[in-house]
Amino acid sequence: MAASRRAGNDPRRAEDRPWPGMDVSGLHILVTGFGVSGYAVADQTLQRGARVTVVDAADTERAREQARILEVFGLRALLGPEHTRALPAGDPVDLVVTSPGWRPDQPLLAQAAADGVPIWSEVELARRMQPADGPAWLGVTGTNGKTTTVTMLESILQAAGLRAVACGNVGLPVIEAALDPEGFDVLAVELSSFQLHWTQHLQCESAVVLNLSEDHLDWHGSFAAYAAAKGRIYEGVRTACVYATADETTRDLVEEADVQEGARAVGIGLGSPGLSELGVVEGMLVDRAFIEDRRTRAAELGTLADLAHLGPQGAPPHIVLDALAAAALARAHGVPQEAVRDGLRSYRAGAHRAEVVATGGGTVYVDDSKATNPDAARASLVSAERIVWIAGGLTKGADVDSLVEAVSGRLTGVVLIGEDDAPFRDALARHAPALPLERPDPGHTGDAEGRAEYMRRVVRAARSLAGDGDVVLLAPAAASMDQFANYAERGDLFAAAAREIAHADG
């Protein structure tokens, strides 16, 4: 039945179309989710002759405006939750391109799978539509550090004179980068586990899984399924599968991957590197993987001093690992040593990622609002010796006890935010019962001004606990949606309050 529904006037099944350079003209494509990537898919495929229907539960003014823009190309937009429960009636669907946020058990997707309709990510579609002479893909995934690594990689590639862009789960949608009319040389592609779940033919030139810890288990169902989704980034790799030597899980994913003949495993670590590894020797970032005489020497790629601007007290270990991952991918693409050094020197971290936002009164204020799980927060918390920690929010069942136990010796005080602070209070009572603890009254956080005033109280409380030379660190180890619009708003409000207080301190 499904095959006859797809047949219509075009008997070619979507999954059998040749690629790269896949021709989507005549296909009826259903796009589920009308966010940034969904809009990009609709725009790019409509321009190439596809018939496109978009469904999204959100019937907002923004969605309606986006629909109006694309209606000139023939877009059909079905907005509202009632349209997300089943495939649309009428014109049979050849292909579903789904938003990363849609789970496999979502009713419409479950029906499509049962009917044999292919379900792809925007990434899969972009890979198939990209011309054969299109840009190389360097893929980055992991539980933490993806955005730092992919933007470091972009900086290095650009320092080498290449037309390169960070895209995917950060910045530009992959399909726009892959089909850019001017043509990029290289794409630095950040990929989430959600995107990878729906991607079958990635075939990166080189790729890295930075690290793995429990995350998004409600979506994937188990850690094994989550890890398997991450591991898809290695499938079809042509040059290098980069992994963390200290993380057995990432090594296992490399060993299990179906790569192209000649692809190599390349390790990264914070110690002296072995053969086919990048590491650190006497403050230098060195390469023993991408030089001809790697058995007897190493190539210097830069120094820890080149990264010193990326932390309040120099680059913390997780940032150094991210830099090594970016360097490995760039070197696999043939980038010279000096471009790695220059790219790392000129790199600046994005907002809300261990960003120093203010200094005053002997106190440094650091915004790592992006640290939305315990492992990400741990990476920030080991970057300084004396910290007043602002923590809390939606933990989603994550274990904060081991985090508090590991970092308690660095803490000089804690300020708790979030509607449910019990996990943090309990952990602190067990591992740091004498530590000064504040929990400011949240007041009314239902509007922007109320949230801003709440964050001022939070930062003032943190400042009252800080001694000379201390770091006030927002690294919540939890999601933000219980009290803030998102992690970006949480970080923006922290930065604004920190600057105000630091200025008053002189």
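Atoms considered below: every heavy atom in the structure, side chains included; atoms not considered: hydrogens, waters and symmetry mates. These numbers were taken from a predicted model, which means no experiment stands behind them.
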S.K.: Given 3.5 Å as the limit, does a donor-acceptor pair link the side chain of Gln483 with the main chain of Gly418, or not?
M.R.: yes

S.K.: Sort out for me which residue in Arg232, Glu235, Glu124 forms a side-chain hydrogen bond (donor to acceptor under 3.5 Å, both in side chains) with His201.
M.R.: Glu124

S.K.: Can you name the closest pair of heavy atoms from Asp368 and Ala376 and give their distance?
M.R.: OD2-O, 4.3 Å

S.K.: Should the ring pair Phe484 and Tyr454 be called parallel, tilted or perpendicular, given that the plane angle runs from 0 to 90° and is split at 30 and 60?
M.R.: parallel

S.K.: Can we say Asp180 and Arg163 salt-bridge, meaning some charged N sits less than 4.0 Å from an Asp/Glu carboxylate O?
M.R.: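 Salt bridge present between Asp180 and Arg163.
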
S.K.: Taking the six-membered ring of Tyr365, is the NZ or CZ of Arg463 close enough (under 6.0 Å from the centre) and on axis enough (within 45°)?
M.R.: no

S.K.: Within a radius of less than 6.0 Å around CZ of Arg348, do more than 12 heavy atoms belonging to other residues, nucleotides or ligands occur?
M.R.: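 Yes - once you tally the heavy atoms of other residues, nucleotides and ligands closer than 6.0 Å, there are more than 12.
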
S.K.: Could you tell me whether Arg378 and Glu405 have a side-chain N and a carboxylate O separated by less than 4.0 Å?
M.R.: no

S.K.: Salt bridge between Glu338 and Arg341, side-chain N to carboxylate O under 4.0 Å?
M.R.: no

S.K.: State plainly whether the residues Glu255 and Arg251 are in salt-bridge range, i.e. N to O under 4.0 Å.
M.R.: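 A salt bridge is absent here (no side-chain N lies under 4.0 Å from a carboxylate O).
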
S.K.: Specify the closest pair of heavy atoms between Phe494 and Val366, including all atoms of both residues, with the distance to one decimal.
M.R.: CE2-O, 3.4 Å

S.K.: Charged N to carboxylate O below 4.0 Å: is that the case for Arg460 and Glu453?
M.R.: yes

S.K.: For a quick check under 3.5 Å, do Arg490 and Ser480 share a side-chain donor-acceptor pair by atom type?
M.R.: no

